[in-house]
Amino acid sequence: MMRSRYSAFALGEVGYLLDTWHPSTRPASMELDDRRWLRLDVVDTVAGGPFDSDGVVEFVAHYRRDGQRGQQRERSRFVRDGGRWLYVDGLARDVGKGVSGRL
């Protein structure tokens, strides 16, 4: 699920991002910024296997924006709902800009 959401960010597929976001935390709408996503590195996973109901993925997403490279590091929570994995929330830190917070 994490890799497909990363691909959706890279391709600007807002509909897919909202569709794979758990209803309890999903925003009514979202806009993507002008980052050009370059690479995804999955750093750690906790649970999230075929018999689990939840899981955590820690990743680093590399990007370029305004000619500068940056990284977004996030620890994301997912739950299985109706047989599908859905993003719940994440604690993110933008290494390129020094910004962090709950998404």
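In this structure, CE in M2 is found 12.5 Å from OG1 in T45, a value given to the nearest 0.5 Å. Going from atom CZ of R36 over to atom CZ of R69 covers 8.5 Å, rounded to the nearest 0.5 Å.
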Review point. Does the side-chain hydrogen bond (donor to acceptor under 3.5 Å, both in side chains) test come out yes or no for Y16 and S4, once each step is laid out?
Key: CA-CA 9 Å; Y16 181 81; S4 71; 2.7 Å; yes
Practice item. Report the C-alpha separation of Q71 and R93 in whole Å, then their side-chain angles, then the decisive distance to 0.1 Å, and conclude whether the side-chain contact (heavy atoms from CB on, under 4.5 Å) test is met. Key: CA-CA 8 Å; Q71 298 175 353; R93 191 176 98 211; over 6 Å; no
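Two different hydrophobic clusters hold M1 and V56 under the rule that ILVMFWY side chains link at heavy-atom gaps under 4.5 Å. Linking Ile, Leu, Val, Met, Phe, Trp and Tyr residues whenever their side-chain heavy atoms come within less than 4.5 Å places Y87 and L32 in a single cluster. Under the 4.5 Å side-chain heavy-atom criterion for ILVMFWY residues, no single connected hydrophobic cluster contains both V60 and L91.
Side-chain contact between R3 and V57 is absent, with no heavy-atom pair separated by less than 4.5 Å. With contacts defined as side-chain heavy-atom distances shorter than 4.5 Å, the pair V46/R75 qualifies. Residues R5 and W21 are in side-chain contact: their nearest non-hydrogen atoms beyond the backbone lie under 4.5 Å apart. Side chains of Y63 and D94 form a contact here, defined as non-hydrogen atoms less than 4.5 Å apart.
With respect to the salt-bridge test (charged N to carboxylate O, under 4.0 angstrom), the residues R65 and D34 qualify.
A pairwise comparison of heavy atoms in A47 and D54 identifies CB-O, 3.5 Å as the closest pair. Scanning both residues, W37 and A61, for their nearest heavy atoms gives CZ3-CB, 3.5 Å. Heavy atoms only, all atoms of each residue included: P23 and L86 are closest at CD-CD1, 4.2 Å.
With hydrogens and angles ignored, the 3.5 Å screen pairs no side-chain donor or acceptor of R80 with any backbone N or O of G55. For the pair T25 (side chain) and V88 (backbone), a donor-acceptor distance under 3.5 Å is present. Under the 3.5 Å distance criterion, the side-chain polar atoms of D66 are left unmatched by any main-chain donor or acceptor of Q68.
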